[in-house]
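Shown next, in structure tokens, is the structure this report addresses.
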Amino acid sequence: MNKINSKITDLLGIQYPIIQGGMAWVAEYHLAAAVSNAGGLGIIGAASAPADVVRTQIREAKKLTDKPFGVNVMLLNPNAAQVAQVVVEEGVKVVTTGAGSPEKYMELWKAAGIKVIPVVASVALAKRMERIGADAVIAEGMESGGHIGSLTTMCLVPQVVDAVSIPVIAAGGICDGRGLAASMMLGASAVQMGTRFIVAHESIVHDNYKEKVIAARDIDSEITGAGTGHPIRCLRNQMTREYVKMEQSGASFEELEYLTLGSLRKAVMEGDVINGSLMAGQIAGLVKKKQSSSEIIQEIMNQALNLLG
Ligand code: TUI
């Protein structure tokens with residue numbers, strides 16, 4: 001297999017420029033280890049987990065792979081400070097962050113030799129991240145599932161590429177070789193993908209959820225929570241309809257947050273696709289089958305290499 005060498009494959013010591021998103025509940029150690037073993041970068045998503053759960057996840061991943069993998073620190077997590085410490089103690093090589101600015105942990109992580117790669121949704125945040133020492137940024141468009149910004153990938157990626165000199169990873173609306181090739185054309189050095197890995201064989205997501213992703217059409221996702229300042233993209237179902245109703249009747253931010261995060265666990269672990277939160281990106285319409293992480297990566301690489309000539 002040919003490779004696409006990029007600043008990111010060099011920086012992270014991985015074979016292919018494909019990073020698996022640090023999806024809350026979904027990105028646990030089985031998936032992360034499988035993606036890393038397949039030559040990409042697997043990520044454990046700490047989401048709202050307590051620090052000791054994250055520690056166990058890291059230790060389990062190490063038993064399954066000797067390749068590099070990362071941890072995503074979700075900055076709205078009340079346990080984020082403890083998680084930030086655990087990644088250092090456990091010798092994690094790469095940290096990505098989401099849903100905020102990781103400024104206050106930067107010194108700690110850089111001193112430990114960790115490669116820090118924040119997710120950004122704007123040029124301003126990308127520039128700030130470069131200034132404080134980020135090794136790369138993930139420019140994530142609002143096509144993504146879960147917590148999103150407001151710009152599209154097509155607009156955000158080239159603007160971030162022009163604004164910073166550190167490598168840029170494109171995310172949001174990418175699930176195949178066309179998306180990878182297009183991202184390279186926009187100046188990105190790698191892609192991050194979430195939705196396609198939800199349906200990977202190694203993903204522990206309940207089969208009902210996987211089937212919903214596979215059945216989804218282009219127009220089947222919806223943004224909830226725009227009014228709370230924390231917009232979340234999910235597949236439309238009874239939960240999203242309930243959410244909209246609660247939002248209109250003036251429910252508090254905490255009540256709404258509880259509804260989405262609590263219901264994500266329900267969807268992932270119990271397969272409750274009616275009341276559960278089915279976070280997924282707009283690209284779900286293009287995700288057609290369950291495959292191993294290795295098949296997914298090989299297929300994307302073959303397609304991208306053909307296109308890039
Ligand atoms: O973080 C994500 N996606 C997520 S996190 C998540 S768990 C959650 N559930 C309920 C409420 C909140 C979170 C589910 N999906 N993606 C990375 C991402 N980060 N997308 C957008 C951003 C972002 C947005 C604004 C990062 C920084 C930012 O501004 C920070 C600042 O201080 O300017």
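Computed from heavy atoms alone, side chains included, the values below leave out hydrogens, waters and symmetry copies. Start at 1 and go down the list; that is how both ligands and their atoms are numbered.
- Proximity annotation for atom 32 (O) of ligand 1: of Glu103, Arg128, Glu140, Arg128 comes nearest, heavy atoms only.
- Smallest separation of non-hydrogen atoms from Ala267 and Leu278: CB-CD2, 3.8 Å.
- The minimum heavy-atom distance between Gly173 and Ile283, with the atom names listed, is O-CD1, 3.3 Å.
- If you check each of Met23, His147, Met129, Met279 against atom 2 (C) of ligand 1, the one with the closest non-hydrogen atom is His147.
- Heavy atoms of Leu125 come nearer than 4.0 angstrom to ligand 1 in at least one pair.
- Atom 12 (C) of ligand 1 lies below 4.0 Å from at least one non-hydrogen atom of the protein.
- Across every non-hydrogen atom of Met74 and Ala99, the tightest pair is SD-CB, 4.0 Å.
- Short contacts between ligand 1 and Leu76, defined as distances under 4.0 Å to a heavy atom of the residue, involve ligand atoms 12 (C), 13 (C).
- Ligand 1 places these atoms under 4.0 Å from at least one heavy atom of Gly146: 14 (C), 15 (N).
- The nearest protein atom to atom 17 (C) of ligand 1, hydrogens excluded, is given as Val119 CG1, 3.2 Å; this is a heavy-atom distance.
- Note on ligand 1: Gly100 sits in its first shell, one or more heavy atoms being nearer than 4.0 Å.
- In terms of protein heavy-atom proximity, atom 7 (S) of ligand 1 is nearest to Met74 CE, 3.7 Å.
- Scored by the ring pair (Phe, Tyr, Trp, His ring centres under 6.0 Å) test, His147 finds His230 as partners (sequence neighbours excluded).
- Of the listed options Ala99, Ala47, Gly21, Ala99 places a heavy atom closest to atom 1 (O) of ligand 1.
- In summary, Glu130 and Lys127 do not engage in a salt bridge, as defined by a charged side-chain N under 4.0 Å from a carboxylate O.
- Ile8 approaches Pro167 most closely through the heavy-atom pair CD1-CB, 3.7 Å.
- If you take CG on Asn72 and CD on Gln20, they are separated by 9.5 Å, rounding to the nearest 0.5 Å.
- Salt bridge Asp176/Arg196: absent, no basic N to carboxylate O contact under 4.0 Å.
- Using a 4.0 Å cut-off between heavy atoms, Ile232 contacts ligand 1 through its side chain alone, with no backbone atom that close.
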